[in-house]
Every structure is written in structure tokens, then in C-alpha cells.
Amino acid sequence: MRDNCSTPVNLYIQPTYITVIPDRIEHSNRSSEYLKSIVTCQHCSEPQFDLFSIYDYEKETYQSVCKECQTKYHLAHNLHVGLMSQKAKTRMRNAVNWLAAAATRKRVWQKSTNKSFYFKLSFITLTLPQHDTELSDQEFKSRVLHPFLIYAAKSWSLYNYVWKAEPQDNGNIHIHITTDIFIHHQKLRKAWNRQLSNLGLLDKFELKHGHRSPPSTEIKAVRSVKNLAGYISEYLVKDKKFKSTCSIYNCTDSTAQDKSNSDWYQDKKGTWWELKRAITGNIWYSSSNLSATNKLMYVADSADSSFWSTLTDNDALNYIDQKYYQVYYFSPKEWSRSITGKLRHLFNDHLAGIRHNWQKSPPLFHIID
DNA sequence: ATCTGGAAGGGCCTCTACGC
DNA sequence: GCGTAGAGGCCCTTCCAGAT
């Protein structure tokens, strides 16, 4: 638990956990003995106190470089191969959790049944009805998804959302969008099909079926799932790496296709799976309101007991001490149930920013000549 | 339709206790 | 002695969101 010495610590506040982490150790605090051992970075040739290793793909050797060169090199040679890293999963999970935490309960009245219901989030799936489209993933995102998002923002106030791109079994890209607004399923389908139609992506469908209204969209108004943010974020971050290639259970037929290449995988039961293709470009994105730069960080005084008591004396929080840093995990409900004081204020202020779309607010401070 | 600001992408770093 | 767990920070290039 917290000690009593008065030092500032960083608090990173998320809807389902709070991390307490100290400031990073400055090199200036190192001992004089340590400072004597100056070495040279093999990339920038600058003198350094510490060197780290990288694998140079061009020279096929390991090199000792400074921290800055190391991180630069990693990013310059970065490839996601269609799978989400652990870090990306964490980022997306937090974005969805912020979305769910900020979403207010909304009421929808259905004329035909004369009944109303409440909901908080919508889970939308957008697909391409044609299988043999020439559209690349980037073109799909810039020419179909982007105009659709602009239309949705203007028509339905779609400002808070998280999208994730996935490959379908037929190789097409499809998009899941989680958002806090209600969209009628017919309006959604009409708007999405209009974008597809503009690019001629319904022509082949029309030739086959005689109309231009394919079931290319799906929408679920999520009403009363327990821990719904957890459910949605877990669904989205789950790696859907493989597709089944045979409808027969436990298909072990290896003669149907050549499975000697690395695109095939056989599980312990002997079932063959075909690797899904990788999505090119970004796998997911969140609206700027929910992005990582809007994360909630607070510098707290470790000696302020009134501040810490809401964390340390709270049985509803699952405390994990990693020595270097501490994490308090909890259910999102604890924000209204047992987390009080300064922390609650910080959290509520952050939610208000997401709800009222702080990106669009006029600036409160101007500088003129 | 075009432009620009900013987000995604991932490996290694920080720390220490613990298990092998 | 080594590997592991967990969080965010660091870094630059590519590509997307949002404004115009």
C-alpha cells in the first residue's frame, strides 16, 4: 500500500482500473560511478550512459544503440500483420469502456407496437454485399467508410464511436462500429447502401437479385447486458485469425487443398483451418473524443491520505501491487457506488467532456495581435 | 474533394517478487 | 541467473478523422 513520504505520483484513471506509477528515474540521479561508464551508440554515434539492443534486418546483426535510436528503429520497421498487439487491445478496450461509461440511457418509442425501450450503446456491422470487389482496404476506408461517417455525424450526431475492421470468410473487409447513438435499422441500411451504390458496389448484386437493397448492415441496440462494455470490448479484441474450411465437424480432409504452406493450420483435434488474410492499414480507430490523448492522468501527492483512502480502504477494488507500480481493478459500477471525492470528480469531468464533445467546443482563450 | 492535425502501430524500457 | 507478470512512456511513419 501507499507509503507516507510526500512525493508526487502519476495516477492514470481508466473506467475499469486506476494505475499508480512513479515518475521515471532521471539519469541525473545516477551515481558518479555509473556516470563514468560512457558508451557510444552504434546508430547515432552519440555518447550514452545506457545501450540497448536491436536486430538490424539489413545487416542481419544485433547492434547496441541508445534508447532513442532503438524506439525509432522499431517504429520504422513496424508491421501489424493484421493482428492486434496486446497494447492495441488495451487501447481499444479502454476506448470502448470510456464510450460505455459516458453513454447515457436513451429512450426509444416504437410507434408500431406503442412501446418504448431504453438502450445505451449500438453495435453496428457494415459489410460489402459483393465478393469479388476490386476495392483495397484503404480505398474501402477512405471512399466508403469515411463519407459514411461524415454523413452519420451530420444526420445522427455520430461523434463518439470505435470502429474495428475485420476480414470476412470470403475475404471481404467488414466494419464493426460501437457507438452511443440510436440509429433506426432502415435508415442505417439506406445510408450505407447509398455509399456502396455511389461506387458501383451494388451493380453485381442488382444483376443477380433485381434490387439494390442488400442486407449489408446489422445493428443491435444493446439494452441490458451485464458488463456490456466488457462484453463488446472482449468481442472486438478477440483474434479471429482462422476460418473453418469444411462444414463437417472435425474435418480432417487434407487432400481437398494444398495445406503445405503457412496459410494453413491444424489444431489438436486434427481440424484444418485457413488463415484469414490480414487487414491492411489501421485495424481500428476511435473518434477523437475517446482517443488515447484524451486519457485521464492526475499527479497526486502520495502523502494525501484523504485522497488515497477511497482507493486503499475500498474492498470493492482488486488491488495488485507490482512493486514498481500499483493497479486497482474494479467494475465500472464502482464509480457511482464506492469511489468518491477527488477521483470521482475527475472521472465525472472527463465523462462530461466526452458527452459534450469537447473537440467541437469553441476555444475559451484567444491570443490576438 | 482536399488538406492538415493527430492517432495507430509495436518492441523494449522502467520495477520487483517469484518460480524454475 | 534467467524469465515472467503487469502498466504507461518513448519513438517515427503511415494513414485516418474532421474541418474547410
Side-chain angles (χ1 to χ4, degrees), chain A residues 9-14 16-27 29-30 41 43-44 48-57 62-95 136-154 157-165 175 177 198 237 278-299 318-329 357-363:
Chain A
V9 289
N10 296 338
L11 256 79
Y12 297 90
I13 301 165
Q14 303 287 1
T16 57
Y17 63 93
I18 293 173
T19 309
V20 181
I21 198 164
D23 279 336
R24 298 175 72 79
I25 297 166
E26 296 296 331
H27 279 192
N29 294 338
R30 295 271 170 85
C41 170
H43 265 209
C44 65
Q48 305 288 337
F49 298 131
D50 269 329
L51 287 183
F52 307 96
S53 69
I54 57 163
Y55 184 76
D56 191 319
Y57 293 100
Y62 283 94
Q63 293 194 329
S64 296
V65 298
C66 65
K67 180 83 176 91
E68 191 177 335
C69 287
Q70 186 197 41
T71 52
K72 279 181 186 176
Y73 189 84
H74 285 149
L75 277 169
H77 296 77
N78 190 12
L79 280 173
H80 62 61
V81 297
L83 297 176
M84 292 190 79
S85 67
Q86 198 54 47
K87 187 165 287 186
K89 288 176 182 177
T90 303
R91 286 169 173 164
M92 190 167 80
R93 192 181 285 120
N94 284 334
S136 72
D137 290 347
Q138 272 99 337
E139 283 173 330
F140 174 83
K141 285 179 255 189
S142 63
R143 295 174 65 189
V144 190
L145 182 62
H146 188 211
F148 173 80
L149 290 175
I150 292 170
Y151 176 83
K154 284 181 184 169
S157 302
L158 178 81
Y159 297 123
N160 296 327
Y161 59 87
V162 176
W163 67 247
K164 188 190 176 199
I175 295 280
I177 302 178
N198 289 343
V237 302
I279 294 289
T280 57
N282 290 3
I283 302 169
W284 74 285
Y285 224 88
S286 70
S287 56
S288 53
N289 272 351
L290 303 168
S291 67
T293 50
N294 286 327
K295 71 188 170 202
L296 183 51
M297 200 274 261
Y298 182 71
V299 181
N318 186 17
Y319 174 74
I320 294 179
D321 189 355
Q322 299 282 2
K323 303 305 170 191
Y324 175 55
Y325 69 97
Q326 294 78 41
V327 191
Y328 299 86
Y329 294 98
N357 202 25
W358 47 29
Q359 292 290 318
K360 294 190 182 304
S361 302

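The analysis underlying the following values was restricted to heavy atoms, covering all of them including side chains, and did not include hydrogens, waters or symmetry mates. In what follows, chains carry the letters A, B, and so on, assigned in the order in which the sequence lines appear, proteins first and then strands, with residues in each chain numbered from 1.
One finds a side-chain N or O of A:Tyr12 lying less than 4.0 angstrom from the OP1 or OP2 phosphate oxygen of C:dG9. For C:dG18, the OP1/OP2 oxygens have a side-chain nitrogen or oxygen of A:Ser288 closer than 4.0 Å. OP1 or OP2 of C:dA19 has not a single side-chain nitrogen or oxygen of A:Tyr159 nearer than 4.0 Å. Note on A:Ser286: a side-chain N or O is less than 4.0 Å away from OP1 or OP2 of B:dA8. Between A:Trp163 and C:dC16 there is no side-chain N or O to OP1 or OP2 distance below 4.0 Å. Side-chain N/O atoms of A:Gln14 include one lying less than 4.0 angstrom from OP1 or OP2 on C:dG8.
Closest-nucleotide positions on DNA chain C for A:Leu149 and A:Lys154 were compared, and the one nearer the 5' end corresponds to A:Leu149. Residues A:His146 and A:Lys87 both approach DNA chain B. Their nearest nucleotides, taken by heavy-atom distance, put A:His146 toward the 5′ side. Projected onto DNA chain C by closest heavy-atom contact, A:Ser142 and A:Tyr329 fall at different nucleotides, the more 5' of which corresponds to A:Tyr329. Between A:Ile150 and A:Tyr285, the residue anchored nearer the 5' end of DNA chain B, judged by the nucleotide with its closest heavy atom, is A:Ile150.
Closest heavy-atom contact between A:Thr280 and A:Lys141: O-NZ, 2.9 Å.
Put simply, the side chain of A:Ile283 reaches to within 4.5 Å of the side chain of A:Lys164, judged on heavy atoms. Side chains of A:Tyr17 and A:Asn94 form a contact here, defined as non-hydrogen atoms less than 4.5 Å apart. By the 4.5 Å heavy-atom criterion applied to side chains, A:Ile177 and A:Leu149 are counted as neighbours.
In this structure, A:Ile283 places its CD1 atom 14 Å from P of C:dA17, rounding to the nearest Å. Atom CZ in A:Arg143 sits roughly 13 Å away from atom P in C:dC16 (whole-Å rounding). Per the geometry, CZ belonging to A:Arg91 stands 13 Å off P belonging to C:dC10, to the nearest Å. If you take CD1 of A:Ile21 and C1' of B:dC13, they are 11 Å apart, rounded to a whole angstrom. A straight line from CG of A:Asn282 to P of B:dG6 spans 17 Å, rounded to a whole angstrom. Taking atom CG of residue A:Leu296 and atom P of nucleotide C:dG8, one finds them 12 Å apart after rounding to whole Å. Between A:Phe148 atom CZ and C:dC16 atom P there is a gap of 17 Å when expressed in whole angstrom units. Distance CD (A:Gln326) to C1' (B:dT16): 11 Å, rounded to an integer number of Å.
Atom CG in A:Asp137 sits 11.5 Å away from atom CG in A:Leu145 (nearest 0.5 Å).
Here A:Phe140 lies out of heavy-atom contact (under 4.0 Å) with every strand.
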